[in-house]
Structure formats: structure tokens, C-alpha cells
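Below: one structure, written as C-alpha cells.
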Amino acid sequence: MIEEPLPGTGESPSGLSSALEAILLVADEPVAENMLAQVLEVAQADVAAALHGLAASYTEQGRGFELREVAGGWRYYTRAEFAPVVEKFVRDGQEVRLTQAALETLAVVAYRQPVGRAQVSAVRGVNCDGVMRTLTLRGLVEEAGNDPETGAILFRTTSYFLERLGLAGLEQLPELAPFLPDHLDDEQDPGHVRPS
Amino acid sequence: MIEEPLPGTGESPSGLSSALEAILLVADEPVAENMLAQVLEVAQADVAAALHGLAASYTEQGRGFELREVAGGWRYYTRAEFAPVVEKFVRDGQEVRLTQAALETLAVVAYRQPVGRAQVSAVRGVNCDGVMRTLTLRGLVEEAGNDPETGAILFRTTSYFLERLGLAGLEQLPELAPFLPDHLDDEQDPGHVRPS
Amino acid sequence: MTEGSGDPARGSAAPGFEVHLDVFEGPFDLLLGLISRHKLDITEIALSAVTDEFISYIGALAGRWDLDQASYFLVVAATLLDLKAARLLPSGEVDDEEDLALLEARDLLFARLLQYRAYKQAAAILAAQMTDQGRRFPRRVPMEPGFADLLPEVLLGLTADQFAAIAAAALAPRAVPVVSTAHLHVPRTTVREQAGILTRLLRAAGRASFGELSADCEDTYEVVARFLAVLDLYRDKCVSFEQETPLGELYITWVAPEGASPDLAAGPRPAGIEPGQPGGADYDRQR
């Protein structure tokens with residue numbers, strides 16, 4: 001799909017440069033050149049040249065963002081001169097209210113941690129990838145290693161979560177039993193979830 | 001701090017446009033024009049003009065990302081033509097496709113909101129409780145209080161619904177009228193959409 | 001007459017299902033369109049034929065058909081059935097209020113069908129738009145390290161107990177969705193069985209009222225079965241009955257010649273569905 005192996009140098013980015021822009025826009029951590037080369041199926045040298053070309057053009061055009069190579073990978077950053085408005089924007093944001101879906105997912109993680117995405121999805125009956133991402137972005141949930149059997153990423157709640165709920169530790173989470181329907185016996189313990 | 005109130009039209013964005021680029025780069029949800037105007041201390045009309053100018057220039061230059069007005073705000077998206085490479089890169093699963101029953105129920109809620117389960121069931125001729133629950137779990141539909149007369153729970157679509165459809169607001173829903181026979185009177189007219 | 005070529009532009013719910021009737025041949029959706037535009041009289045459509053075709057269509061797909069298509073068919077078939085029932089009612093001169101109400105009901109059914117079609121088409125547009133939007137990925141990345149500390153607080157707005165209640169609700173096992181069979185009756189008895197009981201009672205008593213004969217019935221179902229058994233015995237000339245006044249007490253007299261054994265009352269127990277199906281327990285044991 002990427003026809004031009006060489007990055008354009010003009011105002012319009014080449015196919016390769018545009019593809020790099022698309023990928024880096026959604027990357028949530030710096031992406032290494034060889035990773036990009038692999039996804040795009042082009043030579044790493046071409047990727048490097050295109051990235052440097054893009055970074056230079058953003059700077060030259062005085063855009064609000066820049067492309068920087070950090071920690072072995074490339075990532076979009078806001079340009080330093082706009083830090084004051086970005087700070088103002090971030091600070092001014094209203095307190096974030098979680099959606100019902102996010103609250104339910106958070107509740108499942110809190111009581112079943114460490115827990116993988118698949119198990120959370122199985123409990124809630126719908127895919128929860130997006131919501132888990134939101135909770136991670138908001139600092140309420142964090143990764144907690146991998147499942148020794150499946151290798152799936154496990155998640156747990158953060159200390160920020162405890163702080164927001166006004167608890168000193170996880171052991172202060174209220175017991176679930178009083179909130180569960182009476183007729184549930186141990187055998188039916190909903191905690192026993194078959195991973196999907 | 002933003003000296004130029006008007007967006008540049010050339011290759012290089014103006015100060016306002018660049019500031020908007022910087023802010024939108026760190027936003028993780030659509031940002032409303034009035035919010036941007038407030039942070040940047042410029043008139044909302046100027047913000048709107050600058051955003052439309054930026055969006056048009058990205059498209060014209062064939063960049064890998066685009067700026068779209070969705071769910072009442074502006075947000076960066078990857079350009080659709082790069083979906084194949086982005087999909088290769090993004091590790092999260094694709095959004096799950098909705099069943100026909102869920103889509104139809106969603107359509108009724110979208111056009112009749114706020115609406116109770118009974119009204120939705122009446123249109124489709126089948127019970128919709130399970131489907132409504134699925135739509136709620138997926139975050140596409142949410143509760144919107146109770147019917148003042150019957151006390152039944154009412155439902156409406158969420159802003160995530162707008163995001164999934166790429167609509168700026170409910171008023172952008174396609175008109176239902178062309179599909180409807182003439183002789184349905186106003187009371188029954190499902191095309192009457194009340195914006196939330 | 002439409003050639004039986006599937007038109008892919010038509011509703012995606014039933015892309016492959018076509019009907020072949022005397023008056024119409026073509027995609028199911030088109031059939032609906034014609035009916036709704038009054039181009040085809042609903043009374044001309046044999047719904048049972050459409051249903052038979054749909055069933056054989058599903059059968060031919062051998063498990064590859066999807067639930068969406070089947071449920072779409074059911075929704076529409078139910079509406080068609082309503083429509084047809086209304087259509088078959090006399091629709092001549094409107095001379096009393098009841099007729100007027102019938103006509104109005106028919107119009108409402110048309111409106112309902114068309115309204116459903118409207119939403120179905122809207123749903124197709126929403127689906128297409130979602131697919132299109134699904135090709136664009138929003139920027140959704142963690143805050144730049146330099147600004148992370150400035151992020152506004154997340155408002156949970158819940159006490160720990162409220163949070164636990166949400167967890168309990170989310171973690172509670174959901175009832176496995178099942179198709180309700182509450183409206184289906186497993187016959188707990190059979191007319192033959194009731195005829196046997198009646199024969200025994202009447203041979204002993206000679207004559208009795210139906211009230212006496214059905215005094216031991218456990219429920220309405222059994223009373224009905226016993227009454228049907230009376231009719232069967234009457235047909236077999238085993239009993240006669242008399243009823244002085246309409247809705248009055250019904251008396252039944254045993255009239256069969258001595259020694260005669262009515263067909264129904266004799267012989268082995270019927271092979272109807274009986275309580276405690278054999279086989280179920282075996283199956284469980286095998287597991």
C-alpha cells in the first residue's frame with residue numbers, strides 16, 4: 001500500500017511519511033524505527049529518513065507539535081513554546097466523571113485483581129479494551145505483570161484509586177457478600193470466571 | 001500569549017492554529033470549541049475558523065492524520081485510508097460488530113430519544129430488554145431518567161455513540177423521513193428527534 | 001415478475017432469502033416493499049408458503065445461516081401475519097363503529113410495518129457509518145510526561161459501599177438467557193387416559209353428572225381432557241348424555257353392552273408425552 005519508498009521533502013508528506021504520521025498519532029509510547037519498518041514493510045533506513053524529514057518540516061512550519069526521538073523511539077510531543085497554553089488546558093479540565101461502564105469495569109478490577117482484560121470482558125459480557133484504556137489513562141488502573149499461564153497482561157488498581165475512594169488500602173474495600181443476592185451459595189461464587 | 005487572532009492560510013499555521021494543534025495533541029477526548037476559546041482567550045468564531053482551516057489543510061496535504069468534529073468537539077484521528085497499517089500496529093481488538101437486532105434497537109433509540117423499553121419493543125415487535133442491556137454495557141446507550149407519566153426508565157444515546165458514528169451531534173443523524181410513509185401523523189412520527 | 005437475482009443493495013438482514021410464489025418471485029425485502037406500496041395484495045400471499053420456503057432455505061444453508069436473518073424474518077413474518085389477519089376481515093361498507101375500528105387497526109398495522117422498515121433502513125445507515133468511522137483511530141494516548149501531574153482529578157463520586165454495590169452487581173452471575181417455554185404445555189395426561197378413568201367410574205355408577213365425574217380432576221387441563229373423553233366415548237356409543245337446560249348439569253349414562261370394551265379405554269397406555277420422560281436420566285448418567 002505504501003508505494004513511495006522515499007519520503008517527500010515538500011509540503012505534502014509522501015505515502016510513507018503519511019503512514020508514519022498515522023501510526024505515531026495513535027502510538028501510546030515511543031515507537032522504534034525497526035518496529036515501524038516492520039509494520040510498513042519498508043527498509044529501516046527509509047523510515048529513519050522519512051521521520052527526520054517529517055520532524056524537520058514540523059519545526060520549519062512552526063506546528064504546535066513536534067516529532068522527537070526519545071528512548072529509542074519516536075513520539076509526538078507538544079512544541080515547548082506552547083507549554084503555557086497546554087498547561088492551562090490540562091489544568092482547566094473539569095474533574096473527570098467516569099461513565100457507568102467505566103465504573104463497573106473498575107469495580108471488577110478492584111475486586112478481582114490482578115486480572116486480565118479477557119476475564120474482565122467475560123464478567124461484563126462485553127469487550128472492555130477501550131474502557132480499560134481509559135482507566136489506565138486516568139491513572140486508576142495499572143499493568144501488573146503477565147499471567148504466568150497465558151502471558152496475558154494483568155491489571156490492578158493504583159494507589160490513586162484508593163485515594164479517590166478514600167481508602168487506606170485494598171483491605172478496606174467493603175466485603176461484597178452483603179451486596180450480593182441472598183440465594184448465592186459458595187458454589188456459585190461469581191468470582192469464578194471462566195476466561196473467554 | 002497568542003498574538004495572531006486569525007489563522008494563517010499558508011503552509012505554516014498561525015500562532016492560533018499551532019496552539020490548537022498543541023492542545024488537541026494532548027486531549028484524549030473531543031474538545032469543544034468554547035473550551036478551546038476559553039483556554040486561548042480568543043473568540044470562539046476565530047477558534048472555529050482556525051480549526052476548519054487546519055482540518056482542510058491536513059486533508060489537502062494528504063497527512064496521515066485528520067482533525068474531525070465529533071460528539072461536540074474536535075479530535076485528531078488517523079486518516080481512513082491508512083486504516084490497514086494502523087490496524088496492524090494497534091494492539092487493541094477492533095470494535096465488536098453489533099448484531100442486526102442491536103443496530104435496529106440503537107436506531108430506534110437514536111431517533112426517538114428519550115425513549116422507554118416498551119416503545120422500542122413496540123416498534124420492533126419483539127422484546128428488547130436483552131438488547132438494551134447490551135447497548136448499555138457497550139456504552140452506546142444510557143439511562144436518561146424516568147418517564148414522568150409511567151415512571152418507566154428512559155434511554156438515550158451517549159456521546160460515545162456519536163464518536164462511533166463520527167457525528168458532531170444528533171442533528172447530523174440522517175433524516176428518517178424519506179423512509180417513512182406520508183400518512184403517519186406527527187404523534188407517531190419517529191423522525192422527530194429531540195437533541196439531547 | 002422479478003427475476004430471482006439477489007439485489008445486494010437491499011437490506012443486509014436477509015440478503016439471500018428469496019421467495020417463489022405464484023404471484024411473486026424475488027427477494028423477501030422486495031416482497032415487503034410491494035405490499036407496503038399497495039402493489040401486491042397481502043391476501044394473495046400464502047404466508048405458510050413463505051414460511052416453508054424460509055425453513056427450507058435455512059435447512060439448505062446447513063448451519064451457516066445467521067441469527068440476524070432468522071430474527072429479521074420472524075419480526076417481519078409476525079407483522080405480515082397481523083396484516084393479513086386484518087386484511088381478511090370484511091372491509092366493505094363501513095356501517096358500524098366496530099368495522100371502523102377494524103379498518104383503523106389495519107392502517108395501524110401498515111404503519112407499523114412501514115415504520116419498522118424505516119428503522120431497519122436507518123440501522124443499515126448507522127452500521128455503514130460505524131464501519132466507516134471504524135477506519136479512523138482517535139488519538140488517545142497517555143498525557144505527555146511533562147503535563148501528567150497537572151491532570152484534573154477523577155471524580156468517582158461514590159462511597160466505598162456504593163462502589164462495592166456496583167461491583168456486586170457487575171460480578172453477580174447473569175441468568176443464562178433461555179428461550180422461555182412457559183407457554184408450552186407438556187400434556188400431563190391424555191384423553192385416552194381420561195377415557196379409561198371415565199369407563200371405570202361409569203361402569204361402577206351407571207349414571208353420574210359430569211360434575212361428579214370430574215370432581216377428582218386436579219386442574220382445568222384435566223377437566224378439559226376428561227370432557228373430550230366423554231365426547232370420544234359418546235362417538236364410540238359407550239355413553240349417552242342429557243342436559244335439561246343450556247349450561248345446566250350434564251348427566252352421562254353408561255350404555256355400552258355388558259362386556260364391551262371401548263377402543264379408547266382399552267389397550268396399552270398411549271405413546272403420548274408423559275411425565276418423567278424416560279431417557280433424560282440415562283443421558284445424565286452417561287455424562
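The shortest heavy-atom contact between Ala27(A) and Val141(C) is O-CG1, 3.2 Å. The nearest pair of heavy atoms linking Ala164(C) to Leu176(A) is O-CD2, 3.3 Å. Across all non-hydrogen atoms, the minimal contact from Leu158(C) to Leu103(A) is CD1-CD2, 3.6 Å. Of all non-hydrogen atoms in Arg139(C) and Leu24(A), the two that sit nearest each other are NH1-O, 3.9 Å.
Not a single ring-ring contact (aromatic ring centres under 6.0 Å, His included) links Tyr111(A) to another residue, sequence neighbours left out.
With a 4.5 Å cut-off on non-hydrogen atoms, Leu162(A) does not touch chain C at all. With a 4.5 Å cut-off on non-hydrogen atoms, Leu25(A) touches chain C through its backbone and its side chain both.
Counting only heavy atoms from C-beta outward, the side chains of Val108(A) and Leu171(C) approach each other to under 4.5 Å.
Within the structure, ring-ring contact (aromatic ring centres under 6.0 Å, His included) contacts touching residues 23-64 of chain A (residues at least two apart or in different chains) are His52(A)-Trp74(A), Tyr58(A)-Phe65(A), Tyr58(A)-Tyr76(A).
Atom OH of Tyr160(A) has more than 12 neighbouring heavy atoms from other residues, nucleotides or ligands inside a 6.0 Å radius. Shown here is Gln38(A), whose CD atom has no more than 12 heavy atoms of other residues, nucleotides or ligands within 6.0 Å.
Summarising the geometry, atom CZ belonging to Arg164(A) is positioned 13.5 Å from atom CZ belonging to Phe163(C); distances are rounded to the nearest 0.5 Å. Going from atom OG1 of Thr159(C) over to atom CG of Leu165(A) covers 7.5 Å, rounded to the nearest 0.5 Å.
In this structure, the side chain of Arg133(A) engages the main chain of Arg140(C) through a donor-acceptor pair within 3.5 Å.
With chain C as partner, the option from Leu106(A), Thr136(A), Thr105(A) having the largest number of non-hydrogen pairs under 4.5 angstrom is Leu106(A). If you tally non-hydrogen atom pairs under 4.5 Å between each of Val86(A), Leu167(A), Leu173(A) and chain C, the highest count goes to Val86(A). Chain C forms more heavy-atom pairs under 4.5 Å with one residue of Gln100(A), Glu163(A), Glu29(A), Arg75(A) than with any other, namely Arg75(A). Your options are Leu98(A), Val26(A), Thr78(A), and the one with the most heavy-atom pairs under 4.5 Å with chain C is Thr78(A).
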